Amino acid sequence: MFLKFLLLLNFLAILIIPAISQTSEEVPLCKETSPIDLVPKDVNEKSLSTLENKVLDEVNLARTEPSQYIGFLTQYKNYVNGKILRVPNQKPILMEEGIPVIESAIADFKQIEKLTPLKFSTGLKKVAENQLKDLKENPNLGHFGKDGSGLKKRLLRVGKYEKVASENINYKDTDPREIVLRMLIDDGVKSRTHRKNILNQQFNLLGLACGESTKDPQMICVLVFADKFNESAGSNKPKATEF
């Protein structure tokens, strides 16, 4: 009961919180299978850390090669017995939904065609970095800045999007594929919004920032999606969706 309580508490605080990290042997790192040209050529590689670059690659691998992610998700089902997730060499974790949530992700992938890769946005990265800075000090803030700001307000501080924008946050995982798998599985999130963000054809841009919390030893990754984004001051009428 105590473990289940902690898991439920974490989900209330953040977008998607990984229960446990896979080993690279069981779930290969993106560098082993992800095409190296998934990230658009105009990316300023110096602005991205190694992990950020790989997460961007993984998101685009999921969008452009859905059949590969069907394979990863199918493999992941082997670690689940009932609602207990047992990854080799890791402590067992109680899931909220178990295998059915993984099967729902597989079903969604089977229904989509290949999507265009997301282009990296330096402006959206600044938005992600601003939130990451606050989360490093207080991971429980989730989608709110320490000043109480929501995503829309943080976006407008940096620039202007057109119609839609959204945000995913991942805690604890350090394997780029595991980060993306957690968001795609979306255990306990009935709306599957994190999965929908990654597979949303309306989004064209992605900015992301990953770093370790200063309060406890855990990695935090913030992903900000948008249709368009101009890095300049200005008002913006459309409402950003926060998940």
Side-chain angles (χ1 to χ4, degrees), residues 5-22 29-30 39 43-59 90-91 93 118 120-159 161 165-189 193-194 197-198 205-226 229 231 240-243:
F5 171 76
L6 288 179
L7 183 61
L8 290 173
L9 182 61
N10 282 340
F11 270 112
L12 289 175
I14 62 173
L15 271 185
I16 177 72
I17 304 179
I20 195 168
S21 294
Q22 298 273 38
L29 292 172
C30 65
V39 179
V43 169
N44 180 0
E45 294 183 359
K46 293 183 179 179
S47 69
L48 291 168
S49 69
T50 299
L51 177 59
E52 291 163 355
N53 231 322
K54 290 179 178 179
V55 171
L56 177 57
D57 258 351
E58 279 299 313
V59 169
Q90 300 286 353
K91 293 180 180 180
I93 294 295
L118 298 175
F120 171 70
S121 166
T122 55
L124 292 179
K125 178 174 174 59
K126 291 179 181 179
V127 178
E129 287 175 336
N130 290 339
Q131 184 63 5
L132 176 63
K133 181 179 179 181
D134 287 355
L135 291 176
K136 284 182 176 181
E137 298 177 7
N138 183 3
N140 293 326
L141 287 171
H143 297 286
F144 292 94
K146 62 182 180 181
D147 62 353
S149 60
L151 175 59
K152 180 180 179 181
K153 189 172 183 178
R154 295 196 304 273
L155 284 162
L156 294 178
R157 287 171 178 168
V158 178
Y161 65 101
S166 194
E167 181 180 75
N168 282 7
I169 302 175
N170 175 279
Y171 289 70
K172 298 182 182 180
D173 284 312
T174 57
D175 182 319
R177 178 155 297 151
E178 195 71 15
I179 290 171
V180 175
L181 278 170
R182 298 295 184 197
M183 292 186 283
L184 288 169
I185 292 173
D186 232 358
D187 181 40
V189 182
T193 307
H194 319 105
N197 283 342
I198 293 175
L205 304 174
L206 175 63
L208 66 167
C210 300
E212 291 188 354
S213 169
T214 58
K215 298 297 183 181
D216 50 65
Q218 67 168 319
M219 182 64 67
I220 303 173
C221 285
V222 180
L223 285 69
V224 180
F225 305 80
F229 192 73
E231 192 177 342
T241 306
E242 298 172 40
F243 304 109

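Values in this document were obtained by computation on a predicted structure and should not be read as measured data.
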Exercise. Answer yes or no: is there a side-chain heavy-atom contact under 4.5 Å between Val180 and Asn170?
Key: no
Exercise. Please report the closest heavy-atom contact between Ser149 and Lys153, naming both atoms and the distance.
Key: CB-CD, 3.9 Å
Quiz prompt | Approximate separation, where rounding is to 0.5 Å, of Asp175 CG and Leu51 CG | solution = 9.0 Å
Quiz item: What is the distance from atom CG of Asn168 to atom CD1 of Ile198, rounded to the nearest 0.5 Å?
Solution: 6.0 Å
Exercise. Could you tell me which non-hydrogen atom of Leu205 sits nearest to which non-hydrogen atom of Ser121, and how far apart they are?
Key: CB-CB, 4.1 Å
Quiz item: Can you name the closest pair of heavy atoms from Val224 and Glu167 and give their distance?
Solution: CG2-OE2, 4.0 Å
Practice problem: Would you please test Leu223 and Met183 for side-chain contact (heavy atoms from CB on, under 4.5 Å) and show each step? | Solution: CA-CA 11 Å; Leu223 285 69; Met183 292 186 283; 3.8 Å; yes
Quiz item: Do Asn53 and Phe120 touch side chain to side chain, with heavy atoms closer than 4.5 Å?
Solution: no
Quiz item: Is any side-chain heavy atom of Val189 less than 4.5 Å from a side-chain heavy atom of His194?
Solution: yes
Practice problem: List the atom of Ala128, the atom of Gly207, and the distance in Å for their closest heavy-atom pair. | Solution: CB-O, 4.0 Å
Exercise. Compare all side-chain heavy atoms of Leu208 with those of Leu124 and state whether any distance is below 4.5 angstrom.
Key: no
Quiz item: Going from CD1 on Ile220 to CD1 on Ile179, what distance comes out if it is rounded to the nearest 0.5 angstrom?
Solution: 11.5 Å
Quiz prompt | Check: Phe225 main-chain N/O paired with Ser166 side-chain donor or acceptor under 3.5 Å | solution = no
Exercise. Report the C-alpha separation of Phe229 and Val158 in whole Å, then their side-chain angles, then the decisive distance to 0.1 Å, and conclude whether the side-chain contact (heavy atoms from CB on, under 4.5 Å) test is met.
Key: CA-CA 9 Å; Phe229 192 73; Val158 178; 4.0 Å; yes
Quiz item: What distance separates Leu181 CG from Glu58 CD, expressed to the nearest 0.5 Å?
Solution: 7.5 Å
Quiz item: Could you walk me through whether Lys133 and Glu137 pass the salt bridge (charged side-chain N to carboxylate O under 4.0 Å, His left out) check?
Solution: CA-CA 7 Å; Lys133 181 179 179 181; Glu137 298 177 7; over 6 Å; no
Quiz prompt | Nearest-0.5 Å distance, CD1 of residue Ile169 to NE2 of residue His143 | solution = 4.0 Å
Quiz prompt | Nearest-0.5 Å distance, CD of residue Glu129 to CZ of residue Arg154 | solution = 13.0 Å
